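Worksheet: one structure, shown below.
If you're wondering where the values come from, they're calculated on a predicted model, not measured in any experiment.
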Amino acid sequence: MSVPEKRTPTEPAASAAGAIRVLVVDDNEAAANMLSTLLKHNGHQTDVAHTGLEAVEMAGRAQPQVVWCTLVADLETLPEVRRGVHEAA
């Protein structure tokens, strides 16, 4: 009787052609990492930022197609982060 081969995890669901670049912004590191892992498993490229300033800097470098932002900040700061990310990307 032979021993079954060790299986590797399944390939990501999205093909390279269907992949998008996502910037995940969340001050909750565990939540940001979990979403990033889920997106990567589905074939997408991700970058993670934990502050508004990191998000703006990362958007300029990474040029994301989508920004997923659940950053908890005071309401006056959020429009500035949104504007900065939009201008940088």
Report summary line: Between Pro64 and Ala59, the two heavy atoms sitting closest are CD-O, 3.6 Å
Requested in this report: State which residue, out of Val48, Val67, Val56, fulfils the side-chain contact (heavy atoms from CB on, under 4.5 Å) condition with Val25.
Outcome: Val67
Query raised in the report: Is the side chain of Thr37 donor-acceptor paired with the backbone N or O of Asn33 at a distance under 3.5 Å, no angle test?
Result: yes
Requested in this report: Locate the shortest heavy-atom distance separating Thr70 from Asp27; write the atom from each residue and the value.
Outcome: O-OD1, 4.2 Å
Query raised in the report: Is a side-chain N or O of His44 found less than 3.5 angstrom from the main chain of Ala19, in a donor-acceptor match?
Result: no
**Report entry** Linked, directly or transitively: Val24 and Met34 (ILVMFWY side chains, under 4.5 Å)
**Finding:** no
Report summary line: Heavy atoms of His50 and Asp26 approach each other most closely as ND1-O, 3.0 Å
Query raised in the report: What are the two closest non-hydrogen atoms of Ile20 and Gln65, and how far apart are they?
Result: CA-OE1, 3.0 Å
**Report entry** Asp47/Arg21 salt bridge by N-O under 4.0 Å criterion
**Finding:** yes
Query - Considering all heavy atoms, the nearest Leu23-Met58 contact - result: CD1-CG, 3.6 Å
